[in-house]
Amino acid sequence: MNAGFIGIGKCVPPQVVTNADLEKRMDTTDEWIRTRTGIEQRHIADENTDSSDLAYQAAVNAIEDAGIQPEDIGLILVATVTPDLPFPSVSAMIQDRLGAKHAAAMDVSAACAGFMYGVVTAKQFVESGAYRYVLVVGVEKLSKIMDWEDRGTAVLFGDGAGAAVIGKVSEGRGILSFELGADGSGGKHLFQDRYIQMNGREVFKFAVRQMGESAESVIEKAGLTKEDVDYLIPHQANMRIMEASRERLGLPPEKMSKTIHKYGNTSAASIPISLVDDVADGKVKDDDVIVLVGFGGGLTWGGLCIKWGR
Ligand code: UT7
């Protein structure tokens, strides 16, 4: 029995902050941000909106897309490094708000790779028969842990949420393979004290190497070759990192997801948000072989190879 994606949804806050807006606030330029990162704008939540609000709305959309009821969900996993509070978890908060009264709830902390960790965990519970449906949400309100005086990080990140209902899908479809990994020795390169602290160059080098390796690994584990891959959805951290992964797989530009220009880096939310936009735009279709790869603070990484469709 194969677990797969049976419903997806997203939520981004309405306020858009453009590179031109940032030029007025700090010593940076639209030109630098675009050419070094690919980012043109990001969505930023207001003070009355926290991670649980974004997660809730993305979850509502995913549950509706799946055509199930909140009561049908057995487990809620929320991947976030920006919970409203250390506890209760965001997953418990949305469990109540959704009326998912039969669901267990816990948060997953694996930074930008968190959604990958959540989906792989969900897959185990679905395929073991323990839960029929698992809701996985990647959500961040990174704006609350960003130092708006630090141009090295403030221009990179955005707020948002993406969600998926994981359940049993039809024969031949679903999650074909996965990879998860961590290297805690690199934790010093990307962490939060009060604000996000990052050694951009070190994270960049790690990301280029790891995204390529994870993509190749999940393709091989699925018993496929690069030629079988229809579409790549890399974590939207930096266009140059994404391009390196795409070139390593030998895919043309139109076969890689690119949403970073609209949302910036939304950490755990970037992959599911991209998935929602790409399915809506017809870039991901039933029976396509798609590869999802993410990396982040920890350092952590994760990949999935999926035959898309319910
Ligand atoms: O989700 C995972 C989290 N993070 C990442 O994936 C980030 C990975 N790293 C990166 O994406 C890139 O390293 C950055 C985009 C963060 C930086 O790009 P870079 O090409 O590695 O630039 P750099 O840090 O080497 O800085 C180059 C120059 C420096 O000036 P000097 O020393 O050459 O005079 C910086 O001070 O660019 C300067 N700079 C800026 N200039 C204008 C750094 N940030 C900015 C800025 N605006 N926002």
Q.
Can you tell me which residue among Asn265, Thr18, Asn19 is in a side-chain hydrogen bond (donor to acceptor under 3.5 Å, both in side chains) with Arg42?
A. Asn19

Q) Which residues satisfy the side chain to side chain donor-acceptor pair (under 3.5 Å) test with Glu127, sequence neighbours excluded? A) Lys123

Q.
Counting only heavy atoms from other residues, nucleotides and ligands, does the tally under 6.0 Å from CD of Glu220 exceed 12?
A. no

Side-chain donor/acceptor pairs under 3.5 Å, residues 205-212, sequence neighbours excluded:
from: Lys205; atom 1: NZ; to: Glu202; atom 2: OE2; distance (Å): 3.1
from: Gln210; atom 1: NE2; to: Ser214; atom 2: OG; distance (Å): 3.2

**Q.** Cationic N near anionic O, under 4.0 Å, Lys10 to Asp277
**A.** yes

Q.
Taking side chain to side chain donor-acceptor pair (under 3.5 Å) as the definition, give me every residue that meets it alongside Lys188, ordered by chain and number, with sequence neighbours left out.
A. none

Q | Contacts of Asp228 that satisfy side chain to side chain donor-acceptor pair (under 3.5 Å) - sequence neighbours left out | A | Thr225

**Q.** For Thr82, the option from Lys141, Glu140, Lys144 that meets side-chain hydrogen bond (donor to acceptor under 3.5 Å, both in side chains)
**A.** Glu140

Q.
Once salt bridge (Lys or Arg N to Asp or Glu O under 4.0 Å) is applied, do any residues pair with Arg97, and if so which ones, sequence neighbours excluded?
A. Asp53

Q. In Å and rounded to the nearest 0.5 Å, what is the OG to NZ distance from Ser274 to Lys283?
A. 9.5 Å

(Q) Connecting only ILVMFWY residues whose side-chain heavy atoms lie within less than 4.5 Å of each other, what is the rest of Val16's hydrophobic cluster? (A) none

**Q.** Qualifying residues under side-chain contact (heavy atoms from CB on, under 4.5 Å), relative to His102, sequence neighbours excluded
**A.** Glu71

Q: State which residues pass side-chain contact (heavy atoms from CB on, under 4.5 Å) with Pro252; sequence neighbours excluded, sorted by chain then number.
A: Glu254, Lys255

Q) Can you list the other members of the hydrophobic cluster that holds Val78, where links are side-chain heavy atoms under 4.5 angstrom apart? A) Ile6, Leu54, Tyr56, Val60, Ile63, Ile68, Ile73, Ile76, Val90, Ile94, Leu98, Tyr133, Leu135, Val137, Val139, Val165, Val169

Q) Is the closest basic N to carboxylate O distance between Arg34 and Glu40 below 4.0 Å? A) yes

Q: Can you measure from CG (Leu180) to OH (Tyr117) and round to the nearest 0.5 angstrom?
A: 5.0 Å

Q. Are Glu243 and Arg240 close enough for a salt bridge, meaning some N to O gap below 4.0 Å?
A. no

Q) If you round to the nearest 0.5 Å, how far is SG of Cys305 from CG of Leu176? A) 5.0 Å

Q. Listed by chain and number, what are the side chain to side chain donor-acceptor pair (under 3.5 Å) partners of Asp287, not counting sequence neighbours?
A. Arg173

Q | Counterpart residues, side-chain contact (heavy atoms from CB on, under 4.5 Å), relative to Asp147 (two or more places apart) | A | Glu149, Asp150, Tyr195

Q) What pairs with Glu171 under side-chain contact (heavy atoms from CB on, under 4.5 Å), at least two apart in sequence or on another chain? A) none

Q. Is any side-chain heavy atom of Glu216 closer than 4.5 Å to a side-chain heavy atom of Lys226?
A. yes

